[in-house]
A.B. asks: 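Here's a structure for you.
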Amino acid sequence: QGAAMGAATDARRPYFYQLGAHSTLFALSTTDLKCAEAYFLGHPEGAIAASPVCAGGQIFIAVNEGADYAMVHVVSTDSEGLSLSKTFDPVRVKGHVVTPPLVDGRRVYVFTNLGGVHVFDIDPANTTQPVQELTRLIPTRKTPLVGYATVREGKLWLGDERLTMYELQPARKELTRRWSRYEGEI
């Protein structure tokens, strides 16, 4: 089977993680490209629109499953990068994920084409629940629009109908809007 998107890489592990066109996530060796492990994700063909990302031994994969929603799957790896397993039940998000999630330290940001933002926190020391959804912005758009974002040190800049800067406040579990500019100019 062909590939659905680009692969996810983890600089600390000797594997990259490639989604098949449907159903399966493959762990491929970075030295010889041999498949070391396959994990059944169950995604249908055409449901992946954004490459997955790795962070903290976790692989974040967004599957656009319905007409107006996606499921964010998180797959754990062991310290060697194998033993792929489900971290927790997938999180349903409103809208489709059409841009790759962004990693900022121990946080992963997932964006939807309806304006939703979901922030996940990774705590590798927490063996029972290493990933938790920290906060989210509820989508406000009715019509899909691809937005582009960048994040650094807890500050998020999101460009869609405008450019908006948010600041993550982890202790309060909030993503606070600091400013919004250029309405209709982007």
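Note that the coordinates shown come from a computational prediction; the quantities given were computed from them, not determined experimentally. Heads up: numbering here begins at 1 and tracks the sequence.
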A.B. asks: For the backbone of Gly42 and the side chain of Ser23, can you confirm whether one donor and one acceptor N or O come within less than 3.5 Å of each other?
C.D. replies: no
A.B. asks: Please determine whether a side-chain nitrogen of the Lys or Arg among Arg177 and Glu167 lies less than 4.0 Å from a carboxylate oxygen of the Asp or Glu.
C.D. replies: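 Salt bridge absent between Arg177 and Glu167.
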A.B. asks: Is it the case that the side chain of Tyr17 and the backbone of Val53 share a donor-acceptor pair, with hydrogens and angles ignored and the cut-off at 3.5 Å?
C.D. replies: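 Pair absent, no side-chain N/O of Tyr17 close to backbone of Val53.
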A.B. asks: Among Leu82, Thr31, Thr9, Asp10, whose side chain to side chain contact (heavy atoms under 4.5 Å, CB included) with Tyr15 holds?
C.D. replies: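 The passing option is Leu82.
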A.B. asks: Does any non-hydrogen side-chain atom of Leu19 lie less than 4.5 Å from one of Ile61?
C.D. replies: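 When only atoms from C-beta onward are counted, Leu19 and Ile61 do touch, with a gap below 4.5 Å.
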A.B. asks: Is there side-chain contact between Leu175 and Val117, with at least one heavy-atom pair below 4.5 Å?
C.D. replies: yes
A.B. asks: Determine which pairs satisfy ring pair (Phe, Tyr, Trp, His ring centres under 6.0 Å) with at least one residue from residues 18-58, sequence neighbours left out, and list them in order.
C.D. replies: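 For residues 18-58, and leaving out neighbouring residues, there are no ring pair (Phe, Tyr, Trp, His ring centres under 6.0 Å) pairs at all.
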A.B. asks: Please list all pairs meeting ring pair (Phe, Tyr, Trp, His ring centres under 6.0 Å) that have one or both residues in residues 85-117, counting only residues at least two apart or in different chains.
C.D. replies: none
A.B. asks: Under a 4.5 Å cut-off applied to non-hydrogen side-chain atoms, are Trp179 and Leu163 in contact?
C.D. replies: yes
A.B. asks: Apply side-chain contact (heavy atoms from CB on, under 4.5 Å) to the pair Arg181 and Arg162, showing each step before the final yes or no.
C.D. replies: CA-CA 6 Å; Arg181 299 182 182 138; Arg162 67 196 63 81; over 6 Å; no
A.B. asks: Check ring-ring contact (aromatic ring centres under 6.0 Å, His included) between Phe60 and all other residues, then give those that pass, not counting sequence neighbours.
C.D. replies: Phe120
A.B. asks: Is the closest side-chain heavy-atom distance between Asn64 and Ile48 below 4.5 Å?
C.D. replies: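 Result no, sub-4.5 Å side-chain heavy-atom pair not found.
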A.B. asks: How about CD on Glu80, more than 12 heavy atoms from neighbouring residues, nucleotides or ligands closer than 6.0 Å, or not?
C.D. replies: no
A.B. asks: Checking Arg13 side chain against Asp78 main chain: does a donor-acceptor pair fall under 3.5 Å?
C.D. replies: yes
A.B. asks: Please determine, by modelled atom types, if Thr77 and Gln58 share a side-chain donor-acceptor pair under 3.5 angstrom.
C.D. replies: no
A.B. asks: Using only atom types and a distance under 3.5 Å, with no angle test, would you say the side chain of Thr30 pairs donor to acceptor with the backbone of Pro14?
C.D. replies: yes
A.B. asks: So, Glu174 versus Thr135: side-chain donor-acceptor pair below 3.5 Å or not?
C.D. replies: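 Their side chains do not contain a donor-acceptor pair, so the 3.5 Å distance test is not met.
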A.B. asks: Cluster question for you: counting only ILVMFWY and a side-chain heavy-atom cut-off of under 4.5 Å, with indirect links fine, are Leu134 and Leu156 together?
C.D. replies: yes
A.B. asks: May I ask you to decide whether Lys155 forms a salt bridge with Asp104, counting only side-chain N to carboxylate O separations under 4.0 Å?
C.D. replies: no
A.B. asks: Would the distance check show the side chain of Glu45 and the main-chain N or O of Gly20 forming a donor-acceptor pair, the cut-off being under 3.5 Å?
C.D. replies: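 The answer is no, because no donor-acceptor pair under 3.5 Å joins these two groups.
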A.B. asks: Kindly compute the distance separating NZ (Lys94) from CZ (Arg136), expressed to the nearest 0.5 Å.
C.D. replies: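 It comes to 12.0 Å.
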A.B. asks: When hydrophobic residues are tied together by side-chain contacts of less than 4.5 Å, even through go-betweens, does Val110 share a cluster with Tyr69?
C.D. replies: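 In one cluster with Val110: Tyr69, no.
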A.B. asks: Are a donor atom and an acceptor atom from the side chains of Ser76 and Ser85 found within less than 3.5 Å of each other?
C.D. replies: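 There is no such pair between these side chains.
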A.B. asks: How many angstroms lie between atom CZ of Arg107 and atom CD1 of Ile122, to the nearest 0.5 angstrom?
C.D. replies: 9.5 Å
A.B. asks: Leu137 vs Tyr166, test: side-chain contact (heavy atoms from CB on, under 4.5 Å). Steps then yes/no.
C.D. replies: CA-CA 10 Å; Leu137 290 178; Tyr166 297 92; 3.6 Å; yes
A.B. asks: Group every Ile, Leu, Val, Met, Phe, Trp and Tyr by side-chain heavy-atom contacts under 4.5 Å, then state whether Val131 and Leu102 land in the same group.
C.D. replies: no
A.B. asks: For residues Val119 and Val151: do they belong to one hydrophobic cluster (side chain heavy atoms under 4.5 Å, members Ile, Leu, Val, Met, Phe, Trp, Tyr)?
C.D. replies: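 Result: yes, single cluster for both.
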A.B. asks: Between Glu37 and Leu84 (side chain of the first, backbone of the second, donor and acceptor by atom type, cut-off under 3.5 Å), is there such a pair?
C.D. replies: yes
A.B. asks: Give me the one residue out of Thr112, Leu114, Val98 that meets side chain to side chain contact (heavy atoms under 4.5 Å, CB included) with Pro144.
C.D. replies: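 Running side chain to side chain contact (heavy atoms under 4.5 Å, CB included) over Thr112, Leu114, Val98 with Pro144 returns exactly one hit, Leu114.
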A.B. asks: Identify whether Val72 and Leu158 are in the same connected component of the hydrophobic contact network (ILVMFWY, side-chain heavy atoms under 4.5 Å).
C.D. replies: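 Unlinked, Val72 and Leu158 end up in two clusters.
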